[in-house]
Amino acid sequence: MSIPTEPIGSIPRPADLIAAWADSQAGRITTERFDRIAANALEDTIRRFEATGSPVITDGEQTKSSFATYPLDGATGLAPDGVVVPFEDGHTRQLPRLVAGPFRYATHASTYLAAARALTARPVKQAVISASALSLLYPDSAIPDYPRDAFLADLVDEAAGDIRRCLDQGADSVQIDFTEGRLSLKLDPSGALLDSFVALNNRVLDRFSPQERRRIGVHTCPGGDRDATHSASVDYAGLLPALFRIRAGRFYIQLASEKDPERVLRIIGESRQPDQMVFVGVTDPIDPAIETPEQVRDRVLLAAACLPLSCLGTTDDCGFAPFADDASTSRDIAFEKIRARVAGTALAAERLSQG
């Protein structure tokens, strides 16, 4: 027997690409020079991903400005002073603020997918940002001649189109990044904000057939950036029942860094719908210690004791560098953790096949 295993998405960029991002933003580098550096980083990422033995790979998000804001690269109608996301170590990230409509994606995830698929014969997974995360672009006060309902209708169209392009271009699967799910309970413990996020993402997913939704997944974690999180203090028990109301076929759930993974697994077992696959996190991108294959194996075996094998897969807790300027984790460590995930998942499958 085998257990499917997949990455989440981002891989730390090499130092020259991180520098090139800063130079590009400051106007100190030509587009051609930046593109050459990015192309080299992408090719190196693909080759190193293949060398881990991972049966499914990603482009490492090497040419994304961030997992959340790539659709806005080149967009107009935005101001820089949007929602601020505080992380538990004190640093923050800030979204832009929409100042005019109609809302349109300026960059689609399928462009990254096409570049990666041109470099490998391996199945390529593509991450996209959720409609609920981008809904935070709309300000508290209404935009003249562009009410919030009109914005949300445009957003659903754009988010569904982003996924559709990836499926049509041969993505092995499409992962919707939903890190704001757990954060929403920190912002609104009543759960009303979370419920609105679930409903909005379901408006997107309703554009797809049941067969297509089996290739669409949702990733949740407490947010990982510069070795810190924004919502690890929020109890999973508040999130998971609502999470599994999202009409996706796959769920990628941070678990390796949880203090009580067995408790979380029990909640997953109680909340999961029968046709939903669960990929549990078995490596922690924030912890610099590289897991051994045996540690990964034991985490998989724990999950297998709580969930049906037919619905079980493994993944990393989060992307290793969701933002282009994040240098907190080295590329070498990231790829070694992925290698351990692949090897440990195989060890668990072997153990389970022996009964």
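- In this structure Asp16 satisfies the salt bridge (charged side-chain N to carboxylate O under 4.0 Å, His left out) test with no other residue, sequence neighbours excluded.
- Pairs passing the ring-ring contact (aromatic ring centres under 6.0 Å, His included) check and including a residue from residues 291-312, sequence neighbours excluded, do not occur.
- For Tyr112, the ring-ring contact (aromatic ring centres under 6.0 Å, His included) test picks out Tyr70, with sequence neighbours left out.
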Which is it for Asn201 and Val218 under the side chain to side chain contact (heavy atoms under 4.5 Å, CB included) test, yes or no, and what are the steps along the way? CA-CA 10 Å; Asn201 289 316; Val218 175; over 6 Å; no

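- Hydrophobic cluster membership of Val99, counting Ile, Leu, Val, Met, Phe, Trp and Tyr whose side-chain heavy atoms lie under 4.5 Å apart directly or via other members: none, as it forms a cluster of its own.
- Two rings, from Phe67 and Phe323, have their centers less than 6.0 Å apart.
- In this structure, Pro71 and Thr107 have side chains that are not in contact, with every pair of non-hydrogen atoms separated by 4.5 Å or more.
- Tyr252 is linked by a ring-ring contact (aromatic ring centres under 6.0 Å, His included) to Phe279, counting only residues two or more places apart in sequence or in another chain.
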Output, in order, the C-alpha distance, side-chain angles, deciding distance and verdict of side chain to side chain contact (heavy atoms under 4.5 Å, CB included) for Gln254 and Tyr236. CA-CA 10 Å; Gln254 164 264 344; Tyr236 254 145; 2.7 Å; yes

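- Through side-chain heavy atoms spaced under 4.5 Å, either directly or across other Ile, Leu, Val, Met, Phe, Trp or Tyr residues, Leu347 is tied to no other residue.
- Residues satisfying the ring-ring contact (aromatic ring centres under 6.0 Å, His included) criterion with His230, sequence neighbours excluded, are Phe87.
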Given Ser130 and Ile176, is the side chain to side chain contact (heavy atoms under 4.5 Å, CB included) satisfied, shown in steps?
CA-CA 5 Å; Ser130 66; Ile176 300 171; 3.5 Å; yes

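- Contacts classified as ring-ring contact (aromatic ring centres under 6.0 Å, His included) and involving residues 179-219 (residues at least two apart or in different chains) are not found.
- A ring-ring contact (aromatic ring centres under 6.0 Å, His included) check over residues 332-355, counting only residues at least two apart or in different chains, returns the pairs Phe49-Phe335.
- Residues passing the side chain to side chain donor-acceptor pair (under 3.5 Å) test with Asn202: none are found, sequence neighbours excluded.
- Between Leu187 atom CG and Ser231 atom OG the span is 9.0 Å, to the nearest 0.5 Å.
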Worked check of salt bridge (charged side-chain N to carboxylate O under 4.0 Å, His left out) between Arg214 and Asp275:
CA-CA 9 Å; Arg214 284 199 285 268; Asp275 58 345; over 6 Å; no

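- Under the side chain to side chain donor-acceptor pair (under 3.5 Å) criterion, Asp157 pairs with Arg207, not counting sequence neighbours.
- Under the salt bridge (Lys or Arg N to Asp or Glu O under 4.0 Å) criterion, the residue pairs touching residues 112-135 are Glu6-Lys125, with sequence neighbours excluded.
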*In sequence, state the C-alpha distance, the side-chain angles, and the governing distance for Arg341 and Thr52, and then conclude on side chain to side chain donor-acceptor pair (under 3.5 Å).*
CA-CA 9 Å; Arg341 168 172 54 78; Thr52 67; over 6 Å; no

